[in-house]
Enquirer: 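Below is the structure I would like to discuss, written out as structure tokens.
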Amino acid sequence: MRKLALSDEILMRVEKPARYVGNEINMVKKNPEDVAVRFCMCFPDVYEIGMSHLGIQILYDMFNQWEDTYCERVYSPWPDMDHIMREKKIPLFALETQDPVRAFDFLGITLQYEMCYTNILQILDLSGISLHAENRTWDEPVVIGGGPCTYNPEPIAEFFDMFYIGEGETSYRELLDIYIESRKNGESRLDFLKKAATVDGIYVPQLYDVRYNPDGTIKSMVPNCKEAPPKVKKQVVTDLSDTYYPSKPLVPYIRATQDRVVLEIQRGCIRGCRFCQAGMIYRPIRPRNVEFLKKRAVAMLDSTGYEEITLSSLSSSDYKQLPELIFALIEEAGKRKLNIALPSLRIDAFSLDVMSKIQDVKKSSLTFAPEAGSQRMRDVINKGLSEEEILRGAGEAFHGGWKRVKLYFMLGLPGERDEDIAAIAELADKIAAVYFELPKEQRNGRPEITASTSFFVPKPFTPFQWAPMQTASYFDEKRKFLTGKVREQVNQRSIRYICHDAVTSELEGLFARGDRKLSVLIEKAYKRGCIFDAWTDYFQPDIWEELLQECSIDRNFYNYRERGKDEIFPWDILDIGVRKAFLWKEFENAKQGKVTPDCAAKCSGCGAASFEAGICITERVSGGLGR
């Protein structure tokens with residue numbers, strides 16, 4: 001199969017032709033005839049979203065540093081291009097060479113959110129790749145998944161040859177070497193998959209048999225061959241001081257969601273919020289060396305021409321060398337006249353002082369994430385944030401010249417009461433009141449307080465993996481209740497309330513904790529025309545509702561019941577280092593409203609300290625973490 005040149009006629013028929021032509025700044029060019037492995041990296045969403053994903057940029061850089069490997073990219077064709085490709089029988093192609101994806105050795109799909117699952121089937125279908133892994137031959141690529149949704153890959157296990165569990169920098173080289181050797185020796189696809197299963201972090205679903213109890217829960221999940229391990233251990237980069245990180249990141253020709261240089265300063269989080277999957281699966285905390293970050297920031301700015309740089313981490317304020325790094329970036333910003341974005345900061349005097357230095361233009365909004373309105377609920381979820389701290393932070397911000405504040409909350413948290421929901425409106429009103437405490441001459445009109453609620457979705461490997469999720473009707477009722485409470489507040493003219501969609505949250509919850517039996521639902525939804533389900537304009541709730549009934553999916557079983565302590569979960573085949581016993585203890589603490597100190601204050605014995613692939617912060621006091 002050879003490359004396909006898109007005609008001008010086709011490109012003129014689609015909304016944004018630049019999504020499909022490649023040739024971006026810093027795109028890697030190699031001769032496919034000179035490499036042993038061709039790897040197509042896929043983000044199953046529109047180009048602008050996928051081009052903003054740091055993980056793909058890192059792996060793209062890493063793979064292409066290897067002389068025997070050529071990594072290219074593909075994204076989900078937008079519905080206009082999807083229609084044309086089917087009409088003209090154009091196979092899905094990679095951006096770098098325009099070669100059909102089916103011609104590659106590997107198709108690597110990053111799984112960032114559950115609502116992209118039908119887009120995975122769109123990618124496979126348009127590529128001419130068998131939807132079910134068990135039907136594939138050597139004429140088709142090995143389909144491998146990675147990213148946060150692989151921490152429960154079971155609902156989409158039928159569609160993947162394998163999953164990479166953990167951080168991609170550690171085991172891919174070994175996997176590709178096994179592939180090269182296997183193909184050279186003329187081995188069968190199954191023989192290769194068995195060898196791949198011996199690589200740390202590689203989970204091959206075909207090599208495991210799942211048995212169920214009469215009530216639908218899992219009875220056992222065991223390997224069906226000697227090569228597959230009883231547990232697949234996540235892969236962790238233990239030393240981020242000098243590892244793969246692009247000095248020449250790809251720069252799109254059209255505006256992407258994250259249209260700037262992204263500097264990842266550390267991985268992991270010490271906070272222990274009980275709802276947060278990322279805080280658990282990315283343990284332990286691992287900071288990058290500050291000198292590495294300074295050099296890489298300059299290199300990326302030089303190679304891209306970007307005029308903005310953002311720091312990336314789960315909690316930037318916990319990076320010990322943050323002041324040194326920020327002041328170095330401020331100096332660089334002065335030379336280049338660039339902007340610096342600082343997400344994930346606690347709103348304190350230091351943060352606001354820094355932001356006042358870097359924002360010499362109109363001040364943007366500040367973001368607080370209390371997650372719950374009442375102190376009782378913040379203790380339940382172990383947020384570690386008091387109302388006093390929130391109001392003090394708001395006061396600092398208003399004194400610093402900010403007037404726009406965004407507040408993020410969740411509805412449907414375990415143990416939630418109406419008074420906890422009402423407290424969301426009350427907290428927003430108190431923040432507005434802090435603004436009006438300023439002298440009149442320091443105010444610039446009314447404050448703009450935006451309170452946003454999303455719906456709590458229990459996720460694997462969190463203390464709330466046992467918790468029930470609320471129904472869409474519950475969420476609708478509580479949204480209306482909160483809307484009324486906002487209208488009752490004294491400063492309600494300064495408060496705007498917005499709420500996310502409940503039906504997509506229900507589906508997200510279904511797939512987040514679902515098992516292999518859900519693959520039938522996903523496949524039927526795709527064949528009924530469901531793609532881009534994460535996009536409101538394309539989400540088709542009526543079709544999903546029909547199929548849930550047609551497939552006899554019991555939402556009470558998957559979403560609304562509390563799981564038993566000893567229930568076997570679909571994701572128990574994976575070992576992320578955090579012990580299940582620790583998570584259960586935290587679930588019990590949540591029911592009692594008991595707060596667990598963060599990792600810097602006291603080790604709670606989660607398991608990361610003894611995890612072979614990681615180094616707990618308690619064993620690495622000088623590693624870059626500070627209070």
Enquirer: Which atom names give the shortest non-hydrogen contact between A369 and L385, and what distance separates them?
Expert: O-CD2, 4.5 Å
Enquirer: Taking CD in E331 as the centre, count heavy atoms belonging to other residues, nucleotides or ligands within less than 6.0 Å. Is the count above 12?
Expert: no
Enquirer: Considering all heavy atoms of both residues, which atom of N491 and which atom of A433 are nearest to each other, and what is their separation?
Expert: ND2-N, 3.7 Å
Enquirer: Do S312 and L263 have side chains that get closer than 4.5 Å, going by heavy atoms?
Expert: no
Enquirer: When rounded to the nearest 0.5 angstrom, what is the spacing between OG1 in T453 and CD1 in I421?
Expert: 9.5 Å
Enquirer: Would you say the rings of W466 and F569 are close, in the sense that their centroids are separated by under 6.0 Å?
Expert: yes
Enquirer: Should P284 and T238 count as side-chain neighbours, where that means a heavy-atom distance under 4.5 Å?
Expert: no
Enquirer: With sequence neighbours left out, what residues match Y538 under ring pair (Phe, Tyr, Trp, His ring centres under 6.0 Å)?
Expert: W78
Enquirer: Would you call Y319 and V290 a side-chain contact if the rule is heavy atoms closer than 4.5 Å?
Expert: yes
Enquirer: Output the distance between atom CG (L482) and atom CD (E477), rounded to the nearest 0.5 Å.
Expert: 12.5 Å
Enquirer: If the condition is ring pair (Phe, Tyr, Trp, His ring centres under 6.0 Å), which residues does F409 pass it with, not counting sequence neighbours?
Expert: none
Enquirer: Once side chain to side chain contact (heavy atoms under 4.5 Å, CB included) is applied, do any residues pair with V490, and if so which ones, sequence neighbours excluded?
Expert: D429
Enquirer: Identify the two heavy atoms, one from L407 and one from I449, that lie closest to each other, and give their separation to 0.1 Å.
Expert: CD1-CG2, 3.7 Å
Enquirer: Carefully, step by step, assess D420 and R417 under the rule side-chain contact (heavy atoms from CB on, under 4.5 Å).
Expert: CA-CA 5 Å; D420 300 311; R417 303 169 187 162; 3.4 Å; yes
Enquirer: If I take atom CD from residue Q266 and atom CG from residue L311, how far apart are they, to the nearest 0.5 angstrom?
Expert: 10.5 Å
Enquirer: Would R561 count as a cation-pi partner of F557, with NZ or CZ less than 6.0 Å from the six-membered ring centre and within 45° of the ring normal?
Expert: yes
Enquirer: Is the shortest heavy-atom distance from the side chain of E167 to the side chain of R267 under 4.5 Å?
Expert: yes
Enquirer: Does the side-chain hydrogen bond (donor to acceptor under 3.5 Å, both in side chains) test come out yes or no for T504 and E506, once each step is laid out?
Expert: CA-CA 5 Å; T504 53; E506 265 198 318; over 6 Å; no
Enquirer: Determine, step by step, whether W571 and Q465 satisfy the side-chain hydrogen bond (donor to acceptor under 3.5 Å, both in side chains) criterion, reporting the C-alpha distance in whole Å, the side-chain angles of both residues, the deciding distance to 0.1 Å, and the verdict.
Expert: CA-CA 11 Å; W571 53 92; Q465 64 184 346; 2.8 Å; yes
Enquirer: Taking the side chain from Q492 and the backbone from Q489, do they hold a donor-acceptor pair closer than 3.5 Å?
Expert: no
Enquirer: For L574 and K234, what are the C-alpha separation, side-chain angles and deciding distance, and is it a side-chain contact (heavy atoms from CB on, under 4.5 Å)?
Expert: CA-CA 7 Å; L574 309 179; K234 79 167 181 183; over 6 Å; no
Enquirer: Check whether any side-chain heavy atom of N382 sits under 4.5 Å from a side-chain heavy atom of R271, and report yes or no.
Expert: no
Enquirer: Show the numbers, then the answer: is there a salt bridge (charged side-chain N to carboxylate O under 4.0 Å, His left out) between E387 and R392?
Expert: CA-CA 8 Å; E387 182 173 292; R392 184 169 62 244; over 6 Å; no
Enquirer: Identify which one of L413, I390, V595 satisfies the side chain to side chain contact (heavy atoms under 4.5 Å, CB included) criterion when paired with R378.
Expert: I390
Enquirer: Please check if atom CD in Q592 has more than 12 non-hydrogen atoms from other residues, nucleotides or ligands closer than 6.0 Å.
Expert: yes
Enquirer: Which pair of non-hydrogen atoms, one from R286 and one from V237, has the smallest distance, and what is that distance?
Expert: NH1-O, 3.0 Å
Enquirer: Of all residues at least two apart in sequence or in a different chain, which pass the side chain to side chain donor-acceptor pair (under 3.5 Å) check with K406?
Expert: none
Enquirer: Show me the pairs that pass salt bridge (charged side-chain N to carboxylate O under 4.0 Å, His left out) and involve residues 304-316, at least two apart or across chains.
Expert: R260-E308
Enquirer: Would L391 and I431 satisfy side-chain contact (heavy atoms from CB on, under 4.5 Å), going step by step from the backbone distance to the final call?
Expert: CA-CA 6 Å; L391 296 179; I431 290 173; 3.8 Å; yes
Enquirer: With a 4.5 Å limit on heavy-atom distance, are the side chains of V298 and R336 in contact?
Expert: yes
Enquirer: Just wondering, do D476 and T471 contact through their side chains at under 4.5 Å, heavy atoms?
Expert: no
Enquirer: Take atom CZ of R446 as the centre, draw a 6.0 Å sphere, and report whether it contains more than 12 heavy atoms from other residues, nucleotides or ligands.
Expert: yes
Enquirer: Could you tell me whether E545 and R555 make a salt bridge, using a distance below 4.0 angstrom between a side-chain N and a carboxylate O?
Expert: yes
Enquirer: Who passes ring pair (Phe, Tyr, Trp, His ring centres under 6.0 Å) against F511, sequence neighbours left out?
Expert: Y117, W544
Enquirer: Atom CD1 of I265 and atom OG1 of T310: how far apart are they, to the nearest 0.5 Å?
Expert: 9.5 Å
Enquirer: So, using side chain to side chain contact (heavy atoms under 4.5 Å, CB included) as the criterion, who are the partners of P414 when residues are at least two apart?
Expert: F456, F464, A467
Enquirer: Write out all pairs satisfying ring-ring contact (aromatic ring centres under 6.0 Å, His included) with one or both partners inside residues 476-506, taking only residues at least two apart or from two chains.
Expert: none
Enquirer: Kindly give the heavy-atom pair with the smallest separation between N444 and K403, and that separation in Å.
Expert: O-NZ, 2.6 Å
Enquirer: Which pairs with one or both residues in residues 268-295 pass ring-ring contact (aromatic ring centres under 6.0 Å, His included), sequence neighbours excluded?
Expert: none
Enquirer: Determine which pairs satisfy salt bridge (charged side-chain N to carboxylate O under 4.0 Å, His left out) with at least one residue from residues 584-597, sequence neighbours left out, and list them in order.
Expert: R274-E586, E562-K591, E588-K591
Enquirer: Salt bridge (Lys or Arg N to Asp or Glu O under 4.0 Å) with E508: which residues, sequence neighbours excluded?
Expert: K459
Enquirer: Given T450 and V405, is the side-chain contact (heavy atoms from CB on, under 4.5 Å) satisfied, shown in steps?
Expert: CA-CA 6 Å; T450 300; V405 173; over 6 Å; no
Enquirer: OG/S454 to CG/D501 distance, rounded to the nearest 0.5 angstrom?
Expert: 12.0 Å
Enquirer: Among residues at least two apart in sequence or on other chains, which ones pass side chain to side chain donor-acceptor pair (under 3.5 Å) with K485?
Expert: none
Enquirer: Could you pull out the closest heavy-atom pair between E48 and A256, with the gap in Å?
Expert: O-CB, 3.5 Å
Enquirer: Is the shortest distance from a Lys or Arg side-chain nitrogen in K478 or E416 to a carboxylate oxygen in the other one below 4.0 Å?
Expert: no
Enquirer: Looking at CG of D45 and OG1 of T110, how far apart are the two atoms once the value is rounded to the nearest 0.5 Å?
Expert: 11.0 Å
Enquirer: Can you tell me if E371 uses its side chain to pair, donor with acceptor, with the backbone of I381 under 3.5 Å?
Expert: no
Enquirer: Going by heavy atoms in the side chains, are E324 and E291 under 4.5 Å from each other?
Expert: yes
